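The structure presented is a predicted model; accordingly, all values stated were derived computationally and were not measured. Every chain is numbered from 1, with letters handed out A, B, ... down the list of sequences. Only heavy atoms go into these numbers, but all of them, side chains included; no hydrogens, no water, no symmetry mates.
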Amino acid sequence: MLARSEMASYDFREIENRWQQTWADQGIYRVPNPGDPDFDDAKPKKYFLDMFPYPSGAGLHVGHPLGYIGTDIFSRYHRMNGANVLHPMGFDSFGLPAEQYAVETGIHPRITTEKNIENYTRQLQAFGFSYDWERSFATTDPDYYRWTQWIFLKLFDSWFDTGQQKARPMAELVEELEDGLRDADGVSWRNCAKEDRRAFIDSQRLAYIDEVPVNWCPALGTVLANEEVTAEGRSERGNHPVYRRPLRQWMLRITAYADRLIDELDLVDWPASVRTMQRNWIGRSEGANILFSISGNLHLRVFTTRPDTVYGATYMVVAPEHPILDEIIPEVWPDGTNPEWTLGIDDPRSAVGAYRLAASRKSELERQIEEREKTGVFTGAYATNPLTGDPVPIFVADYVLMGYGTGAIMAVPGQDERDWEFAEAFDLPIIRTVQPPLEFDGDAYTGPGPAINSGFLDGLDVEDAKDRIIRWLEINGHGEGTITYKLRDWLFSRQRYWGEPIPILHGPDGELVPVPEDDLPLRLPDVDDYRPNVSDDENADPTPTLSNADDDWKYVEIDGVRYERELNTMPQWAGSCWYYLRFADPHNEDELVAPEAEEYWMGGNGVDLYIGGVEHAVLHLLYVRFWHKVLNDLGYVSTKEPFGRLYNQGYILADAFQDSRGMYVPAEEVTTDGDRFLFEDDEVTRVYGKMGKSLKNSVNPDDIFEEYGVDTLRLYEMFMGPLDTSRPWSTRDIVGVYRFLQRLWRNFIDEDTGEVLVSEDPSQGDLQVLLHRTIEAVTNDMENLHFNTAVARLFEMNNALVALDKVPADVASVLPRLLGPLAPHISEELWHRMGMAGSVVTASWPTYDAALTAEDMATMIVQVNGKVRDRIEVPITITEDEAVAIALASERVLAHTDGVEPRKVIARLPNVLSLVV
RNA sequence: GCCGGGAUGGCGGAAUGGUAGACGCGGCGGACUCAAAAUCCGCUGAGUGAAAGCUCGUGGGGGUUCGAGUCCCCCUCCCGGUACCA
C-alpha cells in the first residue's frame with residue numbers, strides 16, 4: 001500500500017492547492033498596461049468583466065459565481081488565442097448592510113467591509129479564477145472614491161448643451177453668457193444681478209440641488225431613487241413603506257440624456273429584453289402640449305399623445321397635487337352642477353380639499369387594491385376647448401399623476417379607456433373623433449381610422465391629423481408639439497453614513513463651493529453613532545448621519561468665511577458607475593484613468609463582454625451609461641457606450657422549504673421520508689426558487705470543493721445548461737462531471753504506478769477524425785459561450801479513450817488545452833506530467849484540420865412520402881441518379897413504394913433523399 | 001392589461017428546415033469481488049409485435065413544405081419586467 005502522497009490517483013485537493021499557489025507565485029494572470037516593459041501591443045485586446053459583487057457577510061454560495069465561471073473560461077480561451085485579456089475583479093462595498101451591522105454592534109463599517117472582502121477574496125481565489133488580483137480594489141477605498149468624488153465635481157461643473165446634445169464645462173457657458181451668445185432664461189447676462197447669475201448657473205449644472213417630491217423612507221431614515229422603490233410603494237431594500245414628500249436634494253440631470261440613452265442603444269450588442277426595459281423606463285412619448293384657457297388670464301397646460309382627438313375633449317382632469325387648483329376654484333358651485341360631481345359637499349373648496357386630503361393619505365398600496373375604480377371631484381371651474389370653443393368642466397382625480405407630463409390632461413373618453421370609465425362614472429359626454437371599424441363593439445376606440453366630428457381634421461387618418469392639429473396649435477398660440485419622458489432626474493443624495501461624502505461646501509449665502517480637487521479624497525469622518533434618524537412619523541425631517549460628525553469636520557473656514565460641509569452621501573450606485581474604467585489603470589494617483597490605458601482597454605466597443613444578472617437591466621446599466629456619456633462628452637473616455645456586449649447569466653435555483661407558518665427553514669437540514677419532507681420532525685412543504693439567503697437554500701461552494709474539488713464544481717455549473725438560463729441545483733448530478741475527471745485522469749495516468757500513459761504515436765482513423773471534430777466543436781462553443789455543449793464534446797472525446805492502452809500523442813497534446821479554460825487545475829497537472837513546456841494557461845489554443853473533419857462517407861436518410869424509411873451509408877460525392885438507384889434497391893424503401901416510380905425526388909445529398917410516390 | 005422569454009424522456013438538457021432526445025443524472029441487467037464501493041460493458045420516450053418492423057411522440061389546435069422541436073396563425077400554461085405614463 002502506497003502512502004497517500006505517493007498514490008497516483010486523482011488527488012484534486014493537492015493538485016488544485018498546489019497550482020493555485022504556483023500560478024499566484026508566478027503572477028501568471030498579471031496583465032501589463034500600455035507602457036509597461038512587458039507590454040506587447042501586437043496582441044489584440046479583450047476586456048471581459050463581471051459585475052462586481054457587494055461583499056456580504058454571508059459569503060458566496062454556488063449560485064453567485066455562475067457568470068464568473070463563464071467569463072473566466074472565456075478569458076482563458078482568448079488568452080490561449082493570443083489576446084491581451086483584461087479580466088479584473090473588485091468590490092462594490094459601500095451600502096446598507098455593513099452600516100446596519102454597525103448600528104447594531106457599533107463596529108465600524110470599514111472593519112466589517114474589510115473582513116467580508118477578505119472572505120470573498122478567499123472564496124473567489126478558491127475557484128481558480130484568472131483575475132489579475134493586482135488590479136483589485138473596493139469602492140470604499142479612499143484612493144478609489146477620491147475619483148468618484150472627482151467625477152461628481154465634473155458633473156457639478158458641467159451643463160448640458162441641448163443644441164450640441166452634450167455636456168460642456170461650466171466655464172464655456174459663462175463665456176457664452178458674457179459674450180451675449182446666450183441669455184439666462186430670457187434675461188441678458190449683463191442685466192443679471194450677482195445672486196441671479198449664481199442661481200442661474202446652479203440651475204444649469206448636471207449635479208444640482210432642487211426641492212422635489214422624493215421617496216422618503218422614514219424606516220431607513222433616507223430618501224430613495226425612483227428606481228429603488230417597488231411598484232407597491234415600498235423600499236426595494238427592507239420592504240419598508242415609502243412616502244412622497246418634497247425635500248431639497250441633490251439631483252443628477254440624467255433626463256438631459258434621455259434621447260441619447262435611447263438612440264445609442266443601437267450601438268451595443270445587448271439582449272433585446274434589456275434594451276426594451278431601458279427604453280420603457282425612459283418612456284419617451286411624442287405628442288403636444290395644449291393650452292386650455294380658464295376664466296381670467298389662467299391657462300391649463302395639458303400633455304397628450306393624441307392631439308388629433310382634441311375635438312372630443314369633453315372635460316379635463318388635474319392631479320390632486322396640481323398647484324393651479326388654488327387659483328381656479330370658485331366660492332360656490334356653478335348653477336346646475338350635477339350633484340354627483342360634488343361629493344355631496346356644499347362648496348367646491350371644501351370638496352376639493354376633502355378629496356386632496358383623502359388622496360394624499362392613500363398609500364400606493366391602497367391605490368392598487370382599489371382596482372382603479374375612478375374617483376374624483378368637480379373643481380367648479382371650466383376651461384374652454386380651444387377648437388370647439390365649448391366650456392369643459394375641470395375635475396380633480398387621482399388617476400392623473402403629478403409626476404408625469406404636466407399633471408393635467410384633456411379627457412377624451414371616446415378614444416381613451418380611462419377617460420371613458422371616468423366619463424361613465426360622472427355622466428360626462430362622450431364624442432368619438434375617430435371612426436371605429438364597423439365590427440368594433442367596445443367602449444373607447446384607440447385604433448387607427450379617419451377623424452370624425454373634428455372640424456377641419458375630418459377624414460384625416462390619425463398621423464396626418466396629429467400633424468395638422470399641431471401646426472394649427474403652434475400657429476394660433478394654443479400649444480406646441482413636444483416630447484415627454486417617464487424618466488426623472490436621478491435623486492442622488494442619501495442621508496446615510498456608509499457612502500461617499502459629497503464634496504461640496506455650503507456658504508453663508510447659500511453659495512455652493514466645490515471642495516478643491518487637490519483636497520480629494522474627502523474622507524468619511526468617524527462618528528460615534530451610525531444610527532440614521534429613523535422614525536415611524538412620515539413627516540419627520542431627514543437627518544443625515546454625518547451631522548453626528550465633529551464640528552471640525554462639518555465646518556470649514558476659508559478666508560474668514562465659515563462654510564458647512566454637505567452632510568449627505570452618495571447612493572450605492574455611484575461607486576459602480578465607473579469601476580470598469582479604473583480597472584484599466586487602478587493605481588493611477590494623478591488621473592482616474594490614463595488616456596493610453598483607457599484608449600487601449602476600452603478601445604473599439606468598450607468592455608468586450610460584461611456579464612451579470614438581469615436585475616441590473618435598468619438601475620445600474622442606465623446610470624453607468626449616463627456617467628460614461630458625460631465623461632465622453634468632457635473628453636475623459638473615448639467611447640460613447642461603456643459596454644459593447646452585455647450578457648445576462650441565469651440563476652441557480654434550488655428547492656426551499658417552508659414550515660406550517662410559512663417561514664423558510666434551512667434546506668440542508670430537511671430530510672425526506674418517501675413523499676414527505678421533514679424538518680425537526682415536522683412536515684414542511686417544498687417550494688422552489690432562486691438560491692439565496694432569503695429562501696435559506698444556499699449551497700456553500702466550500703463544501704463542494706471539499707468533496708469534489710474546484711474543477712468539478714466549475715465544470716458542473718457549466719454543464720448544467722446554457723449560461724443565460726436559470727437551472728436547478730442538483731448535488732446528485734455533480735458526480736457525473738466528477739466521474740469524467742476521474743476517467744480523464746485514469747486515461748492519462750496509471751493509478752498504481754503513476755506512469756504517464758501517453759503514446760508516441762498520433763491517432764488515426766475514426767479517433768483522429770473525432771479529435772479534429774472535437775477541436776472544431778469546442779472552439780465554436782467557446783466563441784458562442786455554449787459551455788454546456790463544449791463539456792459534452794469533451795466527455796465524448798474522453799470516453800473514446802477508455803478502451804485504449806495509451807493516449808495517442810496528438811490527443812494528449814490537445815485534450816488538456818481544450819479542457820484548460822473549463823478545468824484549469826487538472827489540465828495543468830496533466831500538461832506537466834506529460835512533460836509539456838510552459839503552462840497550459842499560456843499554451844496556444846489547438847487548431848483543427850478541416851480535411852479531417854469532413855468525412856468521405858455519410859449516412860443518407862431515405863424518406864418516402866416524408867417518412868424516414870432507410871439509412872444508407874454513401875460516399876459524400878454521390879450523385880442524385882446513383883442515390884435514387886441505391887434507394888430504390890433497398891428492401892425497406894421498396895416496402896413503401898410498392899415498386900412505383902417516384903413522382904418527385906428531392907435530394908439534399910449526401911444526407912437526404914426524399915421520394916414522393 | 002401591456003412588453004419580453006419559455007414549454008422537448010423519470011430529471012438537467014442537445015438538435016444550420018433534413019436520423020428528435022447528443023452528453024450527463026437516475027433506473028434496469030451483466031462483468032469483476034467472499035461481499036460492498038469503485039470501475040468496466042449493455043439496455044433505457046410511449047404503444048404494439050416472437051422478430052424484422054409498424055404506429056404515435058417536442059404544451060394544445062390549425063397552416064406552409066417532399067420534410068417542422070425549428071417557419072406562419074390561433075390558444076393554454078409558466079417565468080421575468082412593467083402598470084391609471086395621458
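Between B/U8 and B/C79, the two P atoms lie 14 Å apart (nearest whole Å). To the nearest whole angstrom, the two P atoms, one in B/C72 and one in B/G17, are 12 Å apart. Atom name P, nucleotides B/G26 and B/G81: the rounded distance is 34 Å, in whole Å. For the C1' atoms, the distance from B/G57 to B/U19 is 15 Å, rounded to whole Å. Annotation: B/U16 and B/C71 have their C1' atoms spaced 14 Å apart (nearest Å). Of the P atoms belonging to B/C25 and B/G45, the separation is 16 Å, rounded to the nearest Å. Comparing the P positions of B/A22 and B/C75 gives a spacing of 35 Å, expressed to the nearest Å. Rounded to whole Å, the separation between the P atoms of B/C56 and B/G5 comes to 33 Å.
Scanning for side-chain hydrogen bond (donor to acceptor under 3.5 Å, both in side chains) contacts around A/Y738 gives A/Q742, with sequence neighbours left out. Remark: A/D870 engages A/R892 in a salt bridge (Lys or Arg N to Asp or Glu O under 4.0 Å) (not counting sequence neighbours). Take A/R284 and apply the salt bridge (Lys or Arg N to Asp or Glu O under 4.0 Å) test, not counting sequence neighbours, and it matches A/D259, A/E286. Here A/D308 pairs with A/R306 under the salt bridge (Lys or Arg N to Asp or Glu O under 4.0 Å) rule; sequence neighbours left out. Among residues two or more places apart in sequence or in another chain, the salt bridge (Lys or Arg N to Asp or Glu O under 4.0 Å) test is passed with A/D269 by A/R645. Applying the side-chain hydrogen bond (donor to acceptor under 3.5 Å, both in side chains) rule to A/Y716 yields no partners; only residues at least two apart in sequence or on another chain are considered. A search for side chain to side chain contact (heavy atoms under 4.5 Å, CB included) contacts involving A/L291 returns A/H299, A/R301, not counting sequence neighbours.
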Discussion item. Generate the contact string for nucleotides 12-25 of chain B. Rules: B means base contact, S means sugar-phosphate contact only, - means no protein heavy atom under 4.0 Å.
Written reply: BSS---BBS-BBSS
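Residue A/D724 contributes atom CG, which lies 13 Å from atom C1' of B/G80 at whole-angstrom precision. We find that NE2 of A/H322 is positioned 17 Å from P of B/A86, with the value rounded to whole Å. For A/R903 and B/C66, the CZ to P distance is 10 Å, given to the nearest whole Å. With rounding to whole Å, A/Q649 atom CD is found 19 Å from B/G5 atom P. B/C54 atom C1' lies 15 Å from atom CG of A/D870, rounded to whole Å. Counting to the nearest Å, the P atom of B/G81 and the CG atom of A/N280 are 14 Å from each other. Remark: P of B/A86 and CZ of A/R284 are 13 Å apart, rounded to the nearest angstrom. Rounded to whole Å, the distance from CD on A/E417 to P on B/A83 is 18 Å.
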Worksheet entry | For RNA chain B, the dot-bracket pattern of Watson-Crick and G-U pairs whose distances stay under 3.5 Å, | for other-strand partners | (((((((..(((.....[....)))((((((.......))))))((((....))))..(((((..]....))))))))))))....
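OP1 or OP2 of B/C54 lies within a sub-4.0 Å distance of a side-chain N or O belonging to A/R869. The shortest distance between the side-chain N/O atoms of A/K867 and the OP1/OP2 oxygens of B/C56 is below 4.0 Å.
A cation-pi arrangement is present between A/R625 and A/W270, with the terminal nitrogen or guanidinium carbon under 6.0 Å from the aromatic centre and inside a 45° cone about the axis.
Note on residues 711-721 of chain A: pairs passing salt bridge (Lys or Arg N to Asp or Glu O under 4.0 Å), not counting sequence neighbours, are A/D72-A/R714.
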Practice prompt. Report the C-alpha separation of A/E417 and A/T446 in whole Å, then their side-chain angles, then the decisive distance to 0.1 Å, and conclude whether the side chain to side chain donor-acceptor pair (under 3.5 Å) test is met.
Written response: CA-CA 8 Å; A/E417 280 166 28; A/T446 56; 5.0 Å; no
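The stretch residues 270-279 of chain A comes close to RNA chain B through A/S273, A/T276, A/M277, each having a heavy atom under 4.0 Å from the strand.
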Considering only distance and modelled atom types, tabulate donor-acceptor pairs under 3.5 Å from the side chains of residues 785-792 of chain A, sequence neighbours left out.
| residue | atom | partner | partner atom | Å |
| --- | --- | --- | --- | --- |
| A/T789 | OG1 | A/D781 | OD1 | 3.3 |
| A/T789 | OG1 | A/D781 | OD2 | 3.1 |
| A/T789 | OG1 | A/H786 | O | 3.0 |

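Heavy atoms of A/S285 sit under 4.0 angstrom from primed sugar atoms or phosphate atoms, though from no base atom. Counting any heavy atom pair closer than 4.0 Å across all strands shown, A/G283 reaches no nucleic acid atom.
Taking 4.0 Å as the cut-off between side-chain N and carboxylate O, A/E463 and A/K466 count as a salt-bridged pair.
The glycosidic torsion of B/G9 lies within 90° of 0, which places this base in the syn conformation.
Between the side chain of A/R275 and the main chain of A/V268, a donor-acceptor pair closer than 3.5 Å is present.
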